[in-house]
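Hydrogens, waters and symmetry mates play no part in the numbers below; they use all other heavy atoms, side chains included. Chain letters run A, B, ... following the sequence lines, proteins first, then strands; residues in each count from 1.
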There are 2 protein chains.
Amino acid sequence: MRIGELAAAVGVSTRTVRHYHRVGLLPEPQRHANGYRTYGMRDMLRLARARRLIELGLTLAEAGDVLADDEGRELPEILAELDADLARQEEEIRLRRRQLAAMMARSREGRLGPDDAVSEETARLLARIDVSIPDGPTVRRDRELLAMFDGGRAGAVLAEYHKALDDPALAAATAAIYARFDELVDASPDDPRVPALAADMAAALGGELTAVVEAAPPGELDDQPYGAALVGDFPPAQAEVLRTLYRKWTSR
Amino acid sequence: MRIGELAAAVGVSTRTVRHYHRVGLLPEPQRHANGYRTYGMRDMLRLARARRLIELGLTLAEAGDVLADDEGRELPEILAELDADLARQEEEIRLRRRQLAAMMARSREGRLGPDDAVSEETARLLARIDVSIPDGPTVRRDRELLAMFDGGRAGAVLAEYHKALDDPALAAATAAIYARFDELVDASPDDPRVPALAADMAAALGGELTAVVEAAPPGELDDQPYGAALVGDFPPAQAEVLRTLYRKWTSR
DNA sequence: TAAAACGTTGACGCCGCGACAAGGTCAAGG
DNA sequence: CCTTGACCTTGTCGCGGCGTCAACGTTTTA
């Protein structure tokens, strides 16, 4: 048998057979006078066995070990390990498909933005915000931030936000604050609305702030780990509100 | 923000962030005077979005496309494709786990050889052979061959073999033939038992042979596609039996 | 006699980074 | 002032399991 016949009989490519030779999974067979590899039945058996193990999910090295050990001494442990690995993969796939199904459903009912690739829990809060708070640049940014920290890093914030939306009066107050913040988009940092809004925000967002800056060190917001990046993303007056708010909070 | 802070905030390595820059998934941010990359909130948002898509199973290129398109135009198709792919993988994993479970069960009850990584159907036939035919070199080789061609390439042979084992008389005759074949292991090719055995095999293995050499071209067995490799695996007298058998069959 | 269909070795590509190497930068401490 | 250590920079190799050229020799077929 030449390499093409062997490969065709077992159902692999000649490249695969040569690859197995190079990595030592199959021994190099005898060569014909012209340099062609010449295979016998025993080579074919070994290749077929290796393929069955590989198709089960063993790596080439593992398959080689199993075939080298006379009569599969360590096969059971490899199988157990492999099964555990497959079980884990299966669970992962199921989880992702659940997420995908939710996203595809949302895609069919409405629009689907990049922030919809988010856990169901966060998706519920985002949907609630969407119906409770009038649209605006700041609420959009907050939605983005909530989505960004999806995955356990801001679970406490989610709970506080839900509480704020549970009470219609609180929800209305929150919406009002968003609106006032939006109005400052082109204002000067000296605008008298800045300290007023900061004071009202400090009063209104008490619980939520507790969750976020639980251990806020003193100093200016710009000097905090992510503070500079945060305020840098806002226009001057809005940034000033954040700085004032941070000062109020750390001096509490 | 510097790269380490960004990476820590999103939960990836700095190496990953730089990799995303190189492949174009994230734009290179501004540099500080010392050459350090400096990130803002928008970079963080983009990275977090990309990560969520990637963790869902999108490739880096796909995630880049989705984030590049303003508001996910082609996201739904990618999601559908991805879900189909995951469904296929899930099915594959389930299939492999079924095979693994069967193998692990066999491993617990008895011994587990390299030929047990085989379909349930073939495994059943191998088990039947094991109890019906006394052990010997030839029956072992036949078991190996059956296992080798597992997977649809020899389904007809399986059926014929089952039929031979269904009838106790046929099973006994088959066992006898195996025994006589084994006796020829050290015999000369001129041994008078060779033609006698070939004749009896031709009579006994009619159906099975029909399945194997359904369209056997005339000529010597050694000149057939896999004939040389096959007879090369047998001692002289046994090889001669096979040649004679092939001649009988093609001149039928 | 030429073309096609085999065979040979060798090298690069894929995907998503991890793990080095070989440095430069910066703040804190002795 | 010097060192230490924790950052940052670019660049390259490695992984797994082959597919896919390239550039060439051999055998079989029209």
Side-chain angles (χ1 to χ4, degrees), chain A residues 1-26 28-39 43 47 50-65 67 78 82 85 89 92 96 219 223 225-226 228-229, chain B residues 1-26 28-39 43 47 50-65 67 78 82 85 89 92 96 217 219 223-226 228-229:
Chain A
M1 250 187 306
R2 293 183 302 181
I3 196 169
E5 301 173 286
L6 171 70
V10 180
V12 299
S13 69
T14 62
R15 179 68 181 82
T16 297
V17 176
R18 282 193 274 256
H19 183 62
Y20 291 173
H21 288 319
R22 265 203 283 287
V23 300
L25 175 56
L26 301 181
E28 280 278 358
Q30 294 203 332
R31 302 288 186 129
H32 199 255
N34 54 18
Y36 288 12
R37 293 177 177 86
T38 307
Y39 298 91
D43 302 296
L47 174 55
R51 281 305 300 178
R52 280 203 308 275
L53 295 173
I54 289 162
E55 279 165 15
L56 271 176
L58 276 74
T59 67
L60 301 193
E62 287 168 339
D65 289 349
L67 293 182
I78 289 186
L82 182 57
D85 195 46
Q89 285 184 40
E92 263 181 35
R96 289 206 290 221
D223 301 332
Y226 302 94
Chain B
M1 249 185 306
R2 292 182 302 180
I3 195 169
E5 300 174 287
L6 172 70
V10 180
V12 298
S13 69
T14 61
R15 179 68 182 83
T16 297
V17 176
R18 284 193 274 256
H19 182 60
Y20 291 174
H21 288 319
R22 265 202 283 287
V23 300
L25 175 56
L26 301 180
E28 280 279 358
Q30 295 203 333
R31 302 286 185 131
H32 199 255
N34 53 18
Y36 289 12
R37 294 177 177 85
T38 307
Y39 298 91
D43 302 296
L47 174 56
R51 280 306 299 178
R52 281 203 308 275
L53 296 173
I54 289 163
E55 280 165 15
L56 273 176
L58 275 73
T59 66
L60 301 191
E62 287 168 339
D65 290 348
L67 292 183
I78 289 186
L82 182 59
D85 195 47
Q89 284 184 42
E92 263 181 36
R96 290 206 290 221
D223 302 331
Q224 299 312 312
Y226 301 95

Is there a side-chain contact between B:N34 and the phosphate of C:dC26, meaning an N or O under 4.0 Å from OP1 or OP2? yes
Given atom NE2 of B:H19 and atom P of D:dG14, what is their separation to the nearest angstrom? 18 Å
Rounded off to whole Å, could you give me the CD-to-P distance for the A:E5 and C:dC6 pair? 10 Å
Any side-chain N or O of A:T16 less than 4.0 Å from the OP1 or OP2 oxygen of D:dG19? yes
For a quick test of reading the model: is some side-chain N or O of A:S13 closer than 4.0 Å to OP1 or OP2 of D:dG19? yes
Quick check on the helix from C:dT1-D:dA30 to C:dG30-D:dC1: what's the angle between its two end axes, five base pairs per end, to the nearest 10°? 30°
Closest nucleotide of DNA chain C for B:A33 versus for B:T59: which of these residues is on the 5' side? B:T59
State, yes or no, whether a side-chain contact exists between B:V17 and B:V10 at a heavy-atom distance under 4.5 Å. no
Are any of the side-chain heavy atoms of B:D43 and B:L26 separated by less than 4.5 Å? no
B:L58 CG to C:dC17 P, straight-line distance once rounded to whole Å: 13 Å
Regarding B:R31, tell me which of base, sugar-phosphate or nothing describes its non-hydrogen contacts under 4.0 Å with the strands shown. sugar-phosphate
Against the side chain of B:I3, the closest entry in D:dC8, C:dC17, D:dC18 is D:dC8
Rounded to the nearest angstrom, tell me the gap between atom CZ in B:R2 and atom C1' in D:dA6. 9 Å
I'd like to check B:L25 versus B:I54 (side-chain heavy atoms, cut-off strictly below 4.5 Å). Are they in contact? yes
Identify which nucleotide among C:dG16, D:dT10, C:dG18 has an atom closest to any side-chain atom of B:R18, counting heavy atoms from C-beta outward. D:dT10
Separation of C:dG16 atom P from B:L56 atom CG, nearest Å, is 14 Å
Distance in angstrom units between B:H21 NE2 and C:dC17 C1', rounded: 15 Å
So do B:L60 and B:Y20 actually touch side chain to side chain, heavy atoms under 4.5 Å? yes
Sugar-phosphate only, base, or nothing, as touched by A:R37 at under 4.0 Å among non-hydrogen atoms: sugar-phosphate
Do you know the tightest heavy-atom contact between A:A63 and A:A50? CB-O, 4.4 Å
Separation of A:I54 atom CD1 from D:dG17 atom C1', in whole Å? 9 Å
All heavy atoms of B:A229 vs all of A:Y39, minimum pair found to be CB-O, 4.2 Å
Of A:Y36 and A:R15, the one whose nearest nucleotide on DNA chain D sits closer to the 5' end is A:R15
Has A:Y226 got a side-chain atom pairing as donor or acceptor with B:E5's backbone, closer than 3.5 angstrom? yes
Between A:G35 and B:A61, whichever has its closest DNA chain C nucleotide further toward 5' is A:G35
Option among B:R18, B:R2, B:M1 that satisfies the side-chain contact (heavy atoms from CB on, under 4.5 Å) test with B:R37: B:R18
Using whole Å, report how far CG of A:L53 lies from P of D:dG17. 13 Å
